[in-house]
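Both ligands and their constituent atoms are indexed starting at 1 by order of listing. On a predicted model such as this, the values are computed, not experimentally measured, just so you know. Note that these values count all heavy atoms, side chains included, but never hydrogens, waters or copies made by symmetry.
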Amino acid sequence: TIAGLSAVEVLDSRGRPTVAVTMVLPGGRRVRAGVPSGASTGSREAVELRDGDPHRYAGRGVRHAVGNVRGEIADLLVGRKFADLAAVDRAMIDADGTGTKARLGANAIVGVSMAAARAFAVLAGLPLWRYLNPPGVPPRLPVPHFNVVNGGAHAPNRLDFQEFMIAPLGAPSLTEAVRAGAEIYAALRRGLADKGFATGLGDEGGFAPEIDAPEDVLTTLVDAIADAGYPPGRDGVAIALDPAASEFHRDGRYRVAGENLTSTDMITRYEAIVDRFPVWSIEDGLAEDDLDGWVRLTERLGHRVQLVGDDLLVTNPAIVTEAISREAATAALIKVNQVGTVTETLETMRICRDAGWAQMVSHRSGETEDTFIADLATGTGCGQLKTGAPARGERVAKYNRLIDIEAGNDLPYGRA
Ligand code: PGA
Ligand code: ZN
């Protein structure tokens, strides 16, 4: 039984309001959850409820979402007995009634869902990652994807691609992968400073230099990997990109570094990038409304690099199922708040596993100190997590949680 449920409006890592949920268990024990928030959101994501009052936080307040947790959702859940997390999530989805979580707010519902997962884990006497572990799936520590250069909607520079990540695929353990990430991050800071670039940070803790061409960032990044003493490539430290192409796609054209590219031009550009640099994964290489382009991209490059759908798939079981049947990508990005409940997130991950698609669990650009996704990635054994740079408290909280899990448990590390 859930003994109590409450919420408050707190700040996320960008200084914008978000929802923090507290659930009270029988006996008075409390569990909490912090709700993340994106900047480059997919158009089909579950709907985040914002107050729209221009006198508070430029309309971004979340008092209504907080009120829905304390009021309607508490009335629905408190004092009732639920068999499992799926039953709690189902009750909220039904009560919301919109299919997009627009009435109660995905930011209200997902916070309660995350807190409820923690509550069931506590009641079962299990660490969260073990509670989230699906039957028959071996848990594993994921390869961290450190976002070390920020552009697009996450930085005020002129770089169009949003994320340049380093992935220590060849590291012997999670702890050594974190060390590689931090050492390369330091080498990159020196490399950028030596070339006269500013080393200020973007929203996810990566550097935000005034560089136009993505290829120039990649050159600097490969140098930093080598300078830090790691072999660039899949046996050492590889690179993953998230151009977040929906953000620079307008009127059927992709606008990159002053050029106006068709979908086919973009695919050719990625092919050249993959020929030249140790890139192993590309997320949102094309826009969410360019499905035909995605199918052609997968045909051309799907056997050489992982192609991850984020805005394209929005962690939605039905949308992912459709994309699998179209062979429109080879992997899904997994964001709990994109679909709005933990149960639906686990369902999307199961659909991917069954189809042989990879999954990368992800933070949002607006984060809290909550480390839920570290446990989600470990418990589901998906082998990949991206949660920003190896710097800034809200990002390192997740990596540090993985280090703690590794220290206390004998789990394998690496891609699934
Ligand atoms: P967002 O960006 O959290 O701002 O949506 C993350 C991503 O695109 O992967
Ligand atoms: Zn993305």
Qualifying residue, where the test is side chain to side chain donor-acceptor pair (under 3.5 Å) with Glu367 and the options are Arg395, Lys398, Arg14 | Lys398
Those atoms of ligand 1 less than 4.0 Å from some heavy atom in Asp242 = 7 (C), 8 (O), 9 (O)
Exactly one of Val35, Leu346, Thr345 clears side chain to side chain contact (heavy atoms under 4.5 Å, CB included) with Val336, and that residue is Thr345
Report the part of Asp203 (side chain from C-beta onward, or backbone N, CA, C, O) that has a heavy atom under 4.0 Å from ligand 1; answer both or neither where that applies.
-> neither
Near Glu163 (heavy-atom distance under 4.0 Å), the atoms of ligand 1 are 6 (C), 7 (C), 8 (O), 9 (O)
Angle in degrees, rounded to 10°, that OD2 of Asp242 and OE2 of Glu283 form at the Zn ion (ligand 2) = 80°
Name the orientation class of the two ring planes belonging to Tyr254 and His249 (parallel below 30°, tilted from 30 to 60°, perpendicular beyond 60°).
-> tilted
Mark up the atoms of ligand 1 that fall under 4.0 Å of a heavy atom belonging to Asp310, in ascending order.
-> 7 (C), 8 (O), 9 (O)
Would you mind writing out the side-chain donor-acceptor pairs for residues 225-241 within the sub-3.5 Å range, not counting sequence neighbours?
residue: Tyr230; atom: OH; partner: Glu183; partner atom: OE1; Å: 2.7
residue: Arg234; atom: NH2; partner: Arg304; partner atom: O; Å: 2.7

Do Phe207 and Tyr185 have ring centroids that are under 6.0 Å from one another?
-> yes
Answer side chain, backbone, both or neither: which part of Ala244 comes under 4.0 Å from ligand 1, heavy atoms only.
-> neither
Short list, please: which atoms of ligand 1 are under 4.0 Å from a heavy atom of Ser365?
-> 1 (P), 3 (O), 4 (O)
What residue among Glu204, Glu48, Glu45 forms salt bridge (Lys or Arg N to Asp or Glu O under 4.0 Å) with Arg364?
-> Glu45
Return yes if some donor-acceptor pair links the side-chain N/O of Asn157 with the main-chain N/O of Glu210 below 3.5 Å, else return no.
-> no
For the side chain to side chain contact (heavy atoms under 4.5 Å, CB included) test, which of Asn147, Val148, Asp284 pairs with Glu163?
-> Asn147
With atom 8 (O) of ligand 1 as the reference point, say which of Arg14, Gln162, His154 has the nearest heavy atom.
-> Gln162
Ser40 to ligand 1, any heavy atom closer than 4.0 Å | yes
Inspect the contact between Asp370 and Arg32 and indicate whether a charged nitrogen and a carboxylate oxygen are less than 4.0 angstrom apart.
-> no
Does Ser362, backbone or side chain, put an N or O under 3.5 Å from an N or O of ligand 1?
-> no
Restricting to N, O or S atoms of Asp310, which is nearest to the Zn ion (ligand 2)?
-> OD2
Atoms of ligand 1 less than 4.0 Å from Glu283 heavy atoms?
-> 9 (O)
Please check if the distance between the ring centroids of Tyr399 and Phe146 is under 6.0 Å.
-> yes
May I ask you to check whether Leu333 has an N/O atom sitting below 3.5 Å from an N/O atom of ligand 1?
-> no
N/O to N/O below 3.5 Å, does that happen between His363 and ligand 1?
-> no
Would you check the N or O atoms of Arg364, main chain and side chain alike, for any that come under 3.5 Å of an N or O of ligand 1?
-> yes
Which of the numbered atoms in ligand 1 are below 4.0 angstrom from a heavy atom of Gly38?
-> 1 (P), 3 (O), 4 (O), 5 (O)
Contact check: Lys386 vs ligand 1, nitrogen or oxygen atoms, below 3.5 angstrom | yes
